[in-house]
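Here's the structure, in structure tokens; my notes come after.
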2 protein chains.
Amino acid sequence: MSVTIYDVAKRAGVSMATVSRVINGSPNVRPTTRKKVLKVIEELGYRPNAVARGLASRRTTTIGVILPDISSVFFAELTRGIEDIANMYDYDILISSSDANREKELSLIGSMLERQVEGILFLGGHLDDAHRRLFKTANVPVVLVATEDPEREFASVRIDLGRAAYDAVDFLLARGNERVAFLTYPLYSPMARARYAGYVEALGERGRRVEEHLVMETHPYYERALKAMATLLALPAEKRPTAIFAASDELAIAAVHAVQDAGLSVPDDVEVVGFDNTRIAQMVRPMLTSVVQPMYDLGAVAMRLLTKFIRQEPVESRDVVLPHRIEFRASTRPRVGTP
Amino acid sequence: MSVTIYDVAKRAGVSMATVSRVINGSPNVRPTTRKKVLKVIEELGYRPNAVARGLASRRTTTIGVILPDISSVFFAELTRGIEDIANMYDYDILISSSDANREKELSLIGSMLERQVEGILFLGGHLDDAHRRLFKTANVPVVLVATEDPEREFASVRIDLGRAAYDAVDFLLARGNERVAFLTYPLYSPMARARYAGYVEALGERGRRVEEHLVMETHPYYERALKAMATLLALPAEKRPTAIFAASDELAIAAVHAVQDAGLSVPDDVEVVGFDNTRIAQMVRPMLTSVVQPMYDLGAVAMRLLTKFIRQEPVESRDVVLPHRIEFRASTRPRVGTP
DNA sequence: TTGAAAGCGCTAACAT
DNA sequence: ATGTTAGCGCTTTCAA
């Protein structure tokens with residue numbers, strides 16, 4: 001079998017407790033003793049068993065991350081923020097994709113709790129009562145990240161999606177756009193609905209009504225969106241949108257290309273605004289104006305908040321709303337008074 | 001404290017061993033007993049402690065994944081392949097980004113071994129003797145994924161990068177391109193060097209020499225690549241490349257845009273071939289011809305291979321080379337004899 | 001089919 | 001500064 005703390009103790013002529021102290025950097029060890037123990041550890045190639053330590057100490061230094069899909073640029077970037085902070089605080093992260101599937105989410109939460117994670121980060125989903133119940137019986141802290149929870153029951157880090165969408169649409173309306181379309185992935189997603197709410201509000205604020213045919217609900221991927229847009233652009237000029245607010249950058253890029261394919265110009269004939277400001281926003285021509293969602297920061301701040309809960313440090317706010325803004329690029333016409 | 005197997009046993013009037021059997025689905029339990037135990041488990045909201053189980057059984061059902069950067073599309077997609085298969089076999093995954101930093105890699109490997117992972121997947125790095133030593137003393141299986149290990153000492157799943165690059169460059173040469181440039185991220189990366197080797201070989205095979213100025217070593221990101229390309233395209237027409245082979249899709253997109261910015265046409269003046277065939281390859285105009293690296297499959301196959309090692313199942317090959325191919329799109333001119 | 005008991009490798013009082 | 005000794009919550013022989 002492999003080398004244990006006991007083997008080290010015996011060989012070094014000290015007790016297990018002393019070896020444990022050395023491993024854990026306790027100051028209560030005479031330097032000569034420490035040196036001796038360290039030497040034996042080296043010789044034997046001893047490696048502490050974190051599982052045994054976790055059982056004895058009830059601290060696993062592990063946190064669980066549940067997200068819809070690790071292969072999505074948005075969540076991958078967010079995860080990187082989580083990771084970097086987790087690293088700073090010496091936590092490892094257990095990651096699982098849920099495909100935004102409720103049953104899978106619930107089973108993942110259960111599995112993470114069995115693994116004695118010290119905290120859970122739940123990303124981008126939709127909470128129902130089962131989630132809430134599980135989280136409440138968890139007796140480890142939970143932080144929602146980029147997740148819409150109308151109840152505001154759990155600690156959460158997010159941007160104000162509705163407000164962000166409002167700002168984008170209002171910007172488009174303010175500059176005289178007659179018909180602003182909303183290109184979105186399915187509205188059963190709470191994240192899509194939050195954006196939609198902002199869209200509706202912005203229109204209402206200016207005395208406009210939502211025109212059914214301008215709300216294009218499609219799939220989250222480029223190909224499908226491209227086709228959906230083609231239909232929309234085939235309309236006669238007086239019904240065709242003059243601007244498009246897309247729920248993601250990928251959708252926005254599809255919009256740009258669809259407009260171009262229709263022989264029209266972005267931004268002269270149709271303006272386009274994306275969402276998230278992912279790397280790809282700069283990789284299209286014209287480059288995309290996009291609502292910035294600070295993905296890395298969302299992850300980093302959430303993880304930091306979680307460490308505070310774990311260490312029982314005081315927390316200013318349990319509902320952290322990060323600022324959003326619009327990054328203006330060439331898919332919208334230059335703003336007045338802005339070079 | 002939380003409820004343990006002992007509490008369940010007492011309440012159900014059976015021994016801990018019986019409860020353990022029920023939890024683990026052992027067939028040697030009378031149905032009535034099982035039912036009784038299950039009922040108590042339900043009542044008490046008992047949740048098995050996976051850490052204790054791991055210590056007692058020496059099986060953690062956890063595997064460690066070390067990769068350069070989870071926020072990279074390439075590795076995120078690959079990770080999804082790993083996850084799905086891990087899931088099928090009931091493993092959870094511990095993920096850590098190394099930033100391709102040697103020290104970080106080594107410390108991560110150590111940390112994963114301390115955590116008693118049952119196997120390690122090492123992605124996209126470069127192995128030196130320290131890695132090898134660690135892996136050899138690990139006594140858990142290790143599989144390299146999309147990693148260049150000239151020694152071929154460890155089990156590995158990859159594509160033949162050199163050959164893939166060769167194929168791409170040869171394709172460009174075969175259709176009469178006078179000057180094929182290689183646009184790459186830094187050549188200290190083994191993955192870049194492997195592609196470079198293929199580039200050199202393809203040129204050599206056709207009696208061409210590598211022209212220094214056509215090898216553009218830049219950073220892996222769009223912005224930097226765009227600038228690098230601008231320099232290259234500012235050359236007089238007779239020195240300017242007629243085709244560009246890029247080490248990634250992101251670089252290829254930068255190449256496309258740089259060509260267009262220079263007032264030239266892709267593919268009429270300059271053909272462009274990308275690498276990896278990520279989602280974004282289809283999100284540029286013209287759409288990118290790209291060397292397909294089956295990211296998801298690399299991950300899935302590697303994870304499957306790892307389970308075989310863990311379960312000591314027979315393995316056909318320890319060095320799995322997945323097929324590559326070129327996806328032809330509009331950034332290269334139509335091929336002769338192809339509609 | 002069930003139970004008793006000995007660990008798994010470590011930490012954490014408590015003593016000394 | 002160091003040692004002794006119980007556990008941590010489970011699995012796993014071995015017996016019955």
Side-chain angles (χ1 to χ4, degrees), chain A residues 1-38 40-41 44-62 90 110-111 113-118 139-140, chain B residues 1-38 40-41 44-62 90 110-111 113-118 139-140:
Chain A
M1 227 50 279
S2 61
V3 187
T4 74
I5 203 173
Y6 175 77
D7 303 320
V8 176
K10 203 166 56 176
R11 172 97 162 242
V14 299
S15 73
M16 286 163 55
T18 298
V19 178
S20 175
R21 289 191 186 95
V22 171
I23 296 167
N24 295 296
S26 156
N28 301 327
V29 180
R30 209 188 321 142
T32 58
T33 312
R34 179 187 312 281
K35 206 158 296 171
K36 189 171 56 184
V37 170
L38 253 16
V40 173
I41 287 181
L44 262 40
Y46 168 70
R47 210 193 296 286
N49 181 324
V51 174
R53 168 183 293 169
L55 181 58
S57 70
R58 298 137 161 290
R59 296 204 53 230
T60 55
T61 61
T62 305
D90 271 322
S111 146
L113 292 176
E114 290 186 5
R115 283 174 181 275
Q116 313 300 115
V117 295
E118 294 187 37
N139 59 45
V140 295
Chain B
M1 224 51 282
S2 58
V3 359
T4 74
I5 202 172
Y6 175 77
D7 303 319
V8 175
K10 205 166 55 177
R11 172 96 163 243
V14 300
S15 71
M16 287 162 54
T18 298
V19 178
S20 174
R21 289 191 186 97
V22 170
I23 296 167
N24 296 297
S26 154
N28 301 328
V29 180
R30 211 187 322 142
T32 58
T33 312
R34 178 188 311 282
K35 207 157 294 172
K36 188 171 57 182
V37 170
L38 252 17
V40 174
I41 287 181
L44 263 40
Y46 168 71
R47 209 193 296 286
N49 181 324
V51 174
R53 169 184 292 169
L55 181 58
S57 69
R58 300 139 161 290
R59 296 204 54 230
T60 56
T61 59
T62 305
D90 272 321
S111 145
L113 293 176
E114 290 186 5
R115 283 174 181 276
Q116 314 301 116
V117 295
E118 294 188 38
N139 59 47
V140 295

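Letters go in sequence order (proteins before strands), and every chain restarts at 1. None of these values were measured; they are calculated from a predicted model.
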| Close side-chain approach of Tyr46(B) to Val40(B), heavy-atom, < 4.5 Å | no
| Gap between atoms NZ and C1', on Lys36(A) and dT2(D) respectively (whole Å) | 10 Å
| message | Within the 4.0 Å limit for protein heavy atoms, which parts of nucleotides 10-16 of chain C are touched? Write it as a string from 5' to 3', B for base, S for sugar-phosphate only, - for none. | response | BBB----
| request: Report which part of the nucleic acid Val14(A) touches: base, sugar-phosphate, or nothing (heavy-atom distance under 4.0 Å, all strands). | output: sugar-phosphate
| Rounded to whole angstrom units, what separation is found between the CD atom of Glu114(B) and the C1' atom of dG9(C)? | 13 Å
| note | Comparing nearest nucleotides in DNA chain C, the 5'-proximal residue of the pair Leu55(B), Thr32(B) is Thr32(B)
| field | Pairing residues for Arg115(B) by the salt bridge (Lys or Arg N to Asp or Glu O under 4.0 Å) criterion, not counting sequence neighbours | value | Asp92(A)
| request: Would you mind reporting whether Val3(B) and Leu44(B) have side-chain heavy atoms less than 4.5 Å apart? | output: yes
| Using a cut-off of less than 4.0 Å, is there contact between a side-chain N or O of Arg58(A) and OP1 or OP2 of dG9(D)? | yes
| request: Kindly say if Thr18(B) contacts the phosphate of dT2(C), meaning a side-chain N or O under 4.0 Å from OP1 or OP2. | output: no
Using residues 12-24 of chain B as the side-chain source, report each donor-acceptor pair under 3.5 Å to any protein atom, sequence neighbours left out, with the distance given to one decimal.
| unit_1 | atom_1 | unit_2 | atom_2 | d |
| --- | --- | --- | --- | --- |
| Ser15(B) | OG | Ala17(B) | N | 3.3 |
| Ser15(B) | OG | Thr18(B) | N | 3.3 |
| Ser15(B) | OG | Thr18(B) | OG1 | 3.4 |
| Ser20(B) | OG | Asn24(B) | ND2 | 3.4 |
| Asn24(B) | ND2 | Ser20(B) | O | 2.8 |

| query | Counting distance only, does the side-chain N/O of Thr60(A) pair as donor-acceptor with the main-chain N or O of Gln116(A) below 3.5 Å? | reply | yes
| message | I want to check something: taking the side chain as every heavy atom from C-beta on, are Thr61(A) and Glu118(A) in contact at a cut-off of under 4.5 Å? | response | yes
